[in-house]
Amino acid sequence: MKETRKGMLLVISGPSGAGKGTLVAKLLDQDPSFAFSVSVTTRKKRENEIEDLHYHFISEEEYDKLLEDDAFIEHATVHGHRYGTLKSEVYARMEKGQNVLLDIDPQGARAIMEKEKDCVSVFILPPSYHELKVRLHTRNTENEEEIARRLRNAKGEIDQMGRYRYLIVNENLELAFDQLMAVVRAEKQNSIRYYPVIGE
Ligand code: 5GP
């Protein structure tokens, strides 16, 4: 049987500490049909991050130049830093039928949903605000000021969840990952992007 597939644009958002990064890493590890769209950011690199794998870490001047060159599909200021999705990370891959995963905030997700109507949007929730706070402190990647800022922003982000096609509460990582993969499996069979040609 012959089949062709159009690339899926999977947009994942969720507040810092919801476990989105872990779910994204697991999906990329287990499903080679997905490529991660590496964003640019003006935020400082964390110790555990790898340049050009997690982000392209750039200066404010470089960011301004990309804006001027119209290089972004969307861009936003999140927790006081600038982030942007590059056209070059997304469109060429999708045209080749590859699936592309974006890990972006609700402002960026909203812009993508308006431009790319067929995108698959998923919002990851923590089981509670208390748990979010505990996780942000336990992962120990931000200082107190940055943690406080991310917690302050969480409510506004969670208020946007109704815009997304799918919601997943990450109380138990295995269960949340199963739910994410169920969405991915179903959306791969969606007739907007899957064209099987059956035999005579
Ligand atoms: P972090 O600094 O923890 O890596 O990311 C902070 C927030 O920025 C997360 O919600 C993440 O999804 C979001 N983010 C990362 N890259 C982009 C991007 O290219 N565009 C937008 N709008 N948000 C992004």
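Atoms within each ligand, like the ligands themselves, are counted from 1 in listed order. What's counted below: heavy atoms across the whole structure, side chains too, no hydrogens, waters or symmetry copies. None of the values given here were measured: they were computed from a predicted structure.
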Quick one: which residue pairs count as a side chain to side chain donor-acceptor pair (under 3.5 Å) with a foot in residues 111-120, not counting sequence neighbours?
Tyr91-Glu116
Nonpolar side-chain network containing Tyr194, other nodes, edges under 4.5 Å:
Met1, Ile198
Can you find a side-chain donor-acceptor pair between Glu62 and Ser59 that sits under 3.5 Å?
yes
Are Glu146 and Asn143 linked by a side-chain donor-acceptor pair shorter than 3.5 Å?
no
Using heavy atoms and a strict 4.0 Å limit, residues surrounding ligand 1 turn out to be Lys20, Ser39, Arg43, Arg46, Tyr55, Glu74, Ala76, Val78, His79, Tyr83, Gly84, Thr85, Asp103, Ile104, Asp105, Gly108, Arg150
Using a 6.0 Å cut-off, check whether atom CZ of Arg150 has over 12 heavy atoms from anything other than its own residue.
yes
Any pair counted as ring pair (Phe, Tyr, Trp, His ring centres under 6.0 Å), so long as it reaches residues 36-56, sequence neighbours left out:
Tyr55-Phe57, Tyr55-Tyr83
